[in-house]
Protein chains: 2
Amino acid sequence: MDTAVRALTWAERLRAVGLRVTQPRLAVLAVVHADPHLSADLVAERVRKQIGAVSTQAIYDALKTLTEHDILRRFEPAGSAMRFEVANHDNHHHLVCRTCGTVTDVPWVVGSMPCAVPDDTHGYRVDEAEVTYWGTCPACARAGTVTSS
Amino acid sequence: MDTAVRALTWAERLRAVGLRVTQPRLAVLAVVHADPHLSADLVAERVRKQIGAVSTQAIYDALKTLTEHDILRRFEPAGSAMRFEVANHDNHHHLVCRTCGTVTDVPWVVGSMPCAVPDDTHGYRVDEAEVTYWGTCPACARAGTVTSS
DNA sequence: CTGCTTGCTTGAACGATTCCAGAAAACGTG
DNA sequence: CACGTTTTCTGGAATCGTTCAAGCAAGCAG
């Protein structure tokens, strides 16, 4: 029901940036919106569940195009495949579990704004400060300490 | 001449963590120390210039082992192969050029300490805050604006 | 110096991503 | 609503960076 509303919104956003509205793109957007931090692989899997056969290439193309047009945001924790989320420009960061790879959003902390720009940029024109917090998620921490108690 | 001194130091560090002292490892350490932020590929290339034929596998093994023993530090800007630097625990961060991929060290800014740990860790045990600054390096900025003047 | 353990070599496998050429679909126009 | 143009999708294969596996070689303790 609100699927229709949502699809329309995505379609509008696509047109707004001059992109054609296609089933694969809409499905990719729906899937990434419903479940952020998915890899291209998982996006493909879910898109297919939703609209049937789609080539892997179409998925990659859609993800790339949508990212280039700032509708999606791509990131890539070291050692992981690329992951995607809807670009809502809230500038949040990511908490990544070293054990299971799960990614959790961390809202931007206003008080720490200063570190968005380093003191000495070495002449670089900096446009983004990406912060990744590495650690162990609750589930993995529990699993890892099971034997010691 | 200080090559000998330096090699000795590396050898000592290797022994200190219970690793055998081998030519490939010493060469990898020398190369990464001399030129941080190298990819495995480039490390291999330079190691070979220094000590002759070494298998790619030996390079990867050395890099992995040394990283695991905290003598090297591995990082991986999105879209790039993994890169290595000597782990001196100064907790500096990286400035990456979107155009040419060049990486420059950014010293840790004391005043911005607060953002090292997010407010809400969602139950994660956080052990590292990795900051990557994305932008355009002076050279690429110049090259990109040549036509407009 | 000898043997055990660790590290190296070679060669192949692997996953994620991209490249390519042709078929199909989306959109603006008549 | 049919048409042509342009963009997108399909299918298949290639590429890159990295890892796996088995046997040989070398480091180091005794």
Side-chain angles (χ1 to χ4, degrees), chain A residues 7-8 10-29 31 37-48 50-69 71-72 74-84 101 103, chain B residues 7-8 10-29 31 37-48 50-69 71-72 74-84 101 103:
Chain A
L8 195 65
W10 292 132
E12 285 169 353
R13 289 193 67 177
L14 287 173
R15 290 210 180 84
V17 295
L19 289 176
R20 293 193 176 170
V21 179
T22 68
Q23 284 303 312
R25 284 178 181 164
L26 292 175
V28 164
L29 285 168
V31 162
H37 311 150
L38 293 178
S39 63
D41 238 24
L42 287 174
V43 169
E45 188 180 297
R46 303 202 182 182
V47 163
R48 288 180 184 125
Q50 196 170 306
I51 63 169
V54 184
S55 71
T56 303
Q57 202 41 228
I59 303 292
Y60 274 97
D61 275 355
L63 290 170
K64 185 184 177 193
T65 306
L66 293 171
T67 301
E68 283 170 354
H69 286 81
I71 295 178
L72 292 184
R74 166 170 53 208
F75 66 103
E76 192 182 321
S80 151
M82 42 192 198
R83 290 153 178 269
F84 298 85
V103 176
Chain B
L8 196 64
W10 291 133
E12 285 169 354
R13 290 194 64 178
L14 287 173
R15 289 210 181 84
V17 295
L19 290 177
R20 291 189 179 171
V21 178
T22 67
Q23 285 302 313
R25 284 176 181 166
L26 292 175
V28 163
L29 286 168
V31 162
H37 312 150
L38 293 178
S39 63
D41 238 24
L42 287 174
V43 170
E45 188 180 298
R46 302 201 182 183
V47 163
R48 288 180 185 125
Q50 196 170 308
I51 64 169
V54 184
S55 71
T56 303
Q57 202 42 227
I59 303 292
Y60 274 97
D61 275 355
L63 289 170
K64 185 183 177 193
T65 306
L66 293 170
T67 301
E68 284 170 354
H69 286 81
I71 296 178
L72 292 185
R74 167 170 53 207
F75 67 103
E76 192 181 320
S80 152
M82 43 193 198
R83 289 153 179 269
F84 298 86
V103 176

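A note on names: the letters A, B, ... follow the listed sequences, proteins ahead of strands, and every chain is numbered from 1. Both backbone and side-chain heavy atoms feed into the values below; hydrogens, waters and symmetry mates do not.
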Shortest side-chain distance from B:Asp41, nucleotide among C:dT9, D:dG17, D:dT10: D:dG17

Residue A:Arg15, side-chain heavy atoms: nucleotide from C:dC27, D:dC9, D:dC28 that is nearest: C:dC27

Phosphate oxygens OP1/OP2 of C:dT17: is one of them under 4.0 Å from a side-chain N or O of A:Tyr60? yes

Verify the contact: side-chain N or O of A:Arg25 to OP1 or OP2 of D:dT8, cut-off strictly under 4.0 Å; return yes or no. yes

State, yes or no, whether a side-chain contact exists between [X] and [Y] at a heavy-atom distance under 4.5 Å.
{"X": "A:Val28", "Y": "A:Leu72", "result": "yes"}
{"X": "B:Leu66", "Y": "B:Leu14", "result": "yes"}
{"X": "B:Glu76", "Y": "A:Glu76", "result": "yes"}
{"X": "A:Arg48", "Y": "A:Thr56", "result": "yes"}

Rounding to a whole Å, what distance do you find between [X]:[atom1] and [N]:[atom2]?
{"X": "A:Arg83", "N": "C:dA16", "atom1": "CZ", "atom2": "C1'", "result": "13 Å"}
{"X": "B:Leu66", "N": "C:dT6", "atom1": "CG", "atom2": "P", "result": "16 Å"}
{"X": "B:Phe75", "N": "D:dG17", "atom1": "CZ", "atom2": "P", "result": "16 Å"}
{"X": "B:Met82", "N": "D:dT18", "atom1": "CE", "atom2": "C1'", "result": "6 Å"}
{"X": "A:Arg20", "N": "D:dT5", "atom1": "CZ", "atom2": "C1'", "result": "8 Å"}
{"X": "A:Gln23", "N": "C:dA25", "atom1": "CD", "atom2": "C1'", "result": "11 Å"}
{"X": "A:Ile51", "N": "D:dT8", "atom1": "CD1", "atom2": "P", "result": "15 Å"}
{"X": "A:Trp10", "N": "C:dA26", "atom1": "CH2", "atom2": "C1'", "result": "21 Å"}

On DNA chain D, compare the nucleotides closest to B:Ala81 and B:Val21; which residue's is nearer the 5' end? B:Ala81

Would the distance check show the side chain of A:Arg25 and the main-chain N or O of A:Arg20 forming a donor-acceptor pair, the cut-off being under 3.5 Å? yes

Taking any heavy-atom pair under 4.0 Å as a contact, classify A:Thr22: base, sugar-phosphate, or nothing. sugar-phosphate

Would you indicate what A:Ala53 reaches in the nucleic acid, counting non-hydrogen atoms under 4.0 angstrom: base, sugar-phosphate, or nothing? sugar-phosphate

Could you say whether B:Gln57 or B:Leu19 is positioned toward the 5' end of DNA chain C, judged by the nucleotide with the nearest heavy atom to each? B:Leu19

